[in-house]
Amino acid sequence: MDKRKYPRLDPFLVTWSLLLLHTAFGLTSREVNKTMCIEKERDALLEFKRGLIDDFDRLSTWGNDEDKKECCKWKGIECDKRSGHVTVLDLHSEVSCPGHACFAPILTGKLSPSLLELQHLNYLDLSVNGFDRSEIPRFISSLKRLEYLNLSSSDFSGVIPTQLMNLTSLRILDLGNNNQLIVKDLGWLSHLSSLEFLRLGGNDFQASNWFQEITKVPSLKELDLSVCGLSKFVPSPADLANSSLISLSVLHLCCNEFSSSAEYSWLFNFSTSLTSIDLSNNQLDGPIDDRFGSLMYLEHLNLADQFNLKGVGVPSSFGNLTRLRYLDISNTRTYQWLPELFLRLSGSRKTLEVLGLNDNSMFGSLVNVTRFSALKRLYLQNNVLNGFFMERFGQVSSLEYLDLSDNQMRGPLPDLALFPSLRELHLGSNQFQGRIPQSIGKLSQLRILDVSSNRLEGLPESMGQLSNLESLDASYNVLKGTITESHLSNLSSLVDLDLSFNSLALKTSFDWLPPFQLQIINLPSCNLGPSFPKWLQSQNNYTVLDISLANLSDALPSWFSDLPLNLKILNLSNNQISGRVSELIVNKQDYMVIDLSSNNFSGPLPQVPTNVRIFYLHKNKFSGSTSSICKSTTGGATSLDLSHNQFSGELPDCWMNMSNLAVLNLAYNNFSGKLPQSLSSLENLKALYIRQNSFSGMLPSFSQCQLLQILDLGGNKLTGRIPAWIGTDLLNLRILSLRFNKFYGSIPSIICQLQFLQILDLSANGLSGKIPQCFNNFTILHQENGSGESMDFLVQFDYMPRSYLYIGNLLVQWKNQEAEYKNPLLYLKTIDLSSNKLVGGIPREIAEMRGLKSLNLSRNDLNGSITEGIGQMKMLESLDISRNQLSGMIPKGLANLTFLSVLDLSNNHLSGRIPSSTQLQTFESSSYSGNAQLCGPPLQECPGYAPPSPRIDHSSNMNPQEHDDDGEDFPSLEFYISMVLGFFVAFWGILGSLIVNRSWRNAYFTF
């Protein structure tokens, strides 16, 4: 080494250099640790915060405290790393939808002009907040470095300020979804020469010259004019000739009330480089416009939810779209043969990734889907596919999601090994037959398998090969056989198990530990019994446990007291489970649905959990008082059913604690005493069932319960007059049953104000007086067409994966049979006033209730005749007016009631001949017995009655006996004599003249 090339370093210089480096390093470290936030900008932000109302404490990091002085670390703030100036202010709210309701922690208040201190701000996002219809502040236009401005969905109003033209650096401007914001003059847009994204949709759009002004923004790449009512502002042909946007590639035109292609034709001239078009949720009529096939760069086309886009589906021009990746024509009433549709999309078979065809009228088979090598999601549910699921070419598909549910597809399933990437497979509600193919075991990425409502047979052993399966749904099938642990042992990713409503048995060894932790366990109608499967004890993370109808006849295991804390739905109904459930329920306060009905549970009433919505304990052996209701602090319960138990004593007077209660069913118990006054405080109550108890005394006023639709008080010892508030305050009442009580006095005519009343049962009381003449005010009973509505509208609680409805029963006498009916509003329209002390005649107004199906006025003291107009009640199926004092003849119109299947007119004073018809003679003689002067079939024939002579009707093929007795009599003998004489005179008058007069005879034959 030549030392002369490397001179010797002076030790002093080395030491001095190291000291300088150390000092410099220390200074640099201190520079890094010092506060970057510029004081006047921090003060401006704090002033801005003081103008806001932050109910959700989103700005808790903003402050003057020592640990909060660094404003560049505040939530929603970013600073330039060199200068320290604030460059980003992002206070948008995040929307979350934990259940079925969405929520956003919005900021409210006023926007302070202190933001003007932030002259280096280039990003401002205040979207999804609530600024109470204030105008967009004009000072924002002074923040001239802004490149991004988002004020969408923040409740701004007024006209968009034209001063926004000063924001010449803007690249993105989003003012959408402010409802009251007026889009009027768009002349300011032409000054925004850098603008690339513009969203004005969802506002009060009044800019008739929008087309001319938007085309003056040459840099625009994406335009969102959804919900702008553009059908009212269609550009003129002159505008189209002189304007275009070469750079525009994405166009959102959803929900603009377009009804024909002529109203959006301008988009085909708007830009030649369109890659994405959204025309969903319009009112387009007719077939799909084949001009879409000329847009060679098109990758994304959404035409969904048109409702009137009827036609023969995808036009052949779509074969030109070789770049198409996304096509959605779902819910458009389009019909097309599916193989033809696939053929017309063959140009995009290497690019198409998502194809939405659901909720249409597609028919045929599913073939050649593997030819679409890039296809990942295919939606075909709710169509009329009636062919087979088959593949001819055998290519391996990249399909990840396939939904064929709710069709009519048949035959066996194909070789599923062709779809190794499948994560979700929905085949429910079809007519597939045979076994699930063995190849399903090769779908290692499968998360959801739904083969419900088919005709499949059993599950193969290879199911256990699906190691990544996360959801298995085989509900509503007729699957048969046994599922064992060998089917499930490799499903380590399984989170959703649904084998519901089949003929399957799930049998495992006693000590089996599954490899998965389920989130949803749906096994109703799956044979698990007779003992509880112990493997359930190992599951500790599920939110739904439904093992109803599972053939369990075991005692409730002790480990049920340690069910998961986040359990929302517990359904053990329709088994033979015994034991006490107090600890099971009290220890869990997050339940939403608890259904323990139809078991052998016993003991006292458990305390109602805090957050429960639905609480069903009916058809068990619970006993004792219900005083624990008073310990409950729940206000969220909407449905409480304690019917068919052994509860006794008086009801506690603390129902005000359950303010949200919509359904209360206490029927079939041993309650006694008076109804507590607090029941009348339930302002949300829609249905009250307390029948078949021993309640006594007078009714408390339910005037505050104005939502009541069902009031079932039958089978008690209630007394007093029928209160007037029923007719004045319960105007939504659909069912009123006071049957088998001790009410007295007359039927108040005020109840005729109940226009929606469909079932009125006042039978077996002590009512007197006349039947009100105003029953024809019951509007529902006038309607002949259709039946009533389902009672499950009372309570509906949706929680995945099922919807929980309340379907109440009603005890009525229908066609001489007393029984309970589910959903009586679906088919019953009845009035039952039987077994009272009513007097007077049957009001003729009753005949105006043409939709009434059952009328029972028996066992009263009614007199007079049967109203002649009864023949108008065309829907009547059951009529019982027996055991009264009615007299006169049976109206002939009664023979016209073709639906009548139950008739009882017995034990009255009716007289005359029973009208002849194919209907009235089919009833037993007992229907007419006890009327001494009544005669005719099926009773004895009337004395001296001679049946009419038969006639021949040459104008029809009907037999003589098929004619109605009410028709005209046959022609008499005199008629036939006159006819013969007339013919004789006319014939010989002409022929005789020809014989006598020769000249006439010659002229006639010459002619």
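Looking at N884, its side chain does come within 3.5 Å of a backbone N or O of L862 through a donor-acceptor pair. Between the side chain of Q758 and the backbone N or O of T830, no donor-acceptor pair lies under 3.5 Å. Judged by distance alone, the side chain of N599 and the main-chain N or O of S597 form a donor-acceptor pair under 3.5 Å. A donor-acceptor contact shorter than 3.5 Å links the side chain of N693 to the backbone of F671. No donor-acceptor distance shorter than 3.5 angstrom exists from the side chain of S768 to the backbone of L838, with no hydrogens or angles considered. N571 places a side-chain N or O within donor-acceptor distance of the main-chain N or O of S573, the cut-off being under 3.5 Å. The closest donor-acceptor contact from the side chain of N665 to the backbone of A687 lies at 3.5 Å or more, if one exists at all. When atom types are taken as modelled, the side chain of K829 and the backbone of Q783 share a donor-acceptor pair closer than 3.5 angstrom. D554 places no side-chain N or O within donor-acceptor distance of the main-chain N or O of L552, the cut-off being under 3.5 Å. Not a single donor-acceptor pair under 3.5 Å links the side chain of N551 to the backbone N or O of L528.
Heavy atoms only, all atoms of each residue included: T638 and I614 are closest at OG1-CG1, 4.4 Å. Between N645 and L617, the shortest heavy-atom distance links the atoms ND2-O, 3.0 Å. Across all non-hydrogen atoms, the minimal contact from L664 to L679 is CD2-CD2, 3.6 Å. When all heavy atoms are compared, the tightest approach of Q919 to T898 is NE2-O, 3.6 Å. Here the shortest heavy-atom pairing between N860 and N836 reads OD1-C, 3.0 Å.
For the pair L640 and I629, the minimum side-chain heavy-atom distance is below 4.5 Å. With a 4.5 Å cut-off on side-chain heavy atoms, D595 and L572 do not count as touching. A 4.5 Å side-chain heavy-atom check between S602 and Q646 finds every atom pair outside the cut-off. Under the 4.5 Å side-chain criterion, counting only non-hydrogen atoms from C-beta, T626 is in contact with P652. No side-chain heavy atom of L903 sits less than 4.5 Å from a side-chain heavy atom of D880. With a 4.5 Å cut-off on side-chain heavy atoms, L886 and L910 count as touching. For the pair L894/N896, no side-chain contact is recorded, criterion being any heavy-atom separation below 4.5 Å from C-beta on. A 4.5 Å side-chain heavy-atom check between L666 and Y689 finds every atom pair outside the cut-off.
In this structure D832 satisfies the salt bridge (charged side-chain N to carboxylate O under 4.0 Å, His left out) test with no other residue, sequence neighbours excluded.
At a cut-off of 3.5 Å, with distance as the only test, no side-chain donor of S648 or N670 sits close to an acceptor on the other residue. Side-chain contact, Q677 with S680: a donor N or O sits under 3.5 Å from an acceptor N or O. Using modelled atom types, one finds a donor on one side chain and an acceptor on the other under 3.5 Å when comparing S678 with D653. N776 and E848 share a side-chain donor-acceptor pair at under 3.5 Å.
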Q.
Let's go through Q709 and N732 carefully: what are the C-alpha distance in whole Å and the side-chain angles of both, what is the deciding distance for side chain to side chain donor-acceptor pair (under 3.5 Å) to 0.1 Å, and is it a yes or a no?
A. CA-CA 5 Å; Q709 300 180 38; N732 292 303; over 6 Å; no

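Atom CZ in R691 sits 10.5 Å away from atom CG in N716 (nearest 0.5 Å). Taking CG of L833 as the reference point, atom CG of L760 lies at 6.0 Å (rounded to 0.5 Å). Between the CG atom of N856 and the CD1 atom of I881 there is a distance of 10.0 Å, given to the nearest 0.5 Å.
Between F532 and F560, the ring-plane angle classifies as perpendicular under the 30° and 60° cut-offs. Using cut-offs of 30° and 60° on the angle between ring planes, the pair Y616 and H618 is perpendicular. Using bins of under 30°, 30° to 60° and over 60° for the plane-to-plane angle, the ring pair Y928/F923 lands in the perpendicular bin.
Within the structure, the ring pair (Phe, Tyr, Trp, His ring centres under 6.0 Å) test picks out no pair touching residues 730-756 (sequence neighbours left out).
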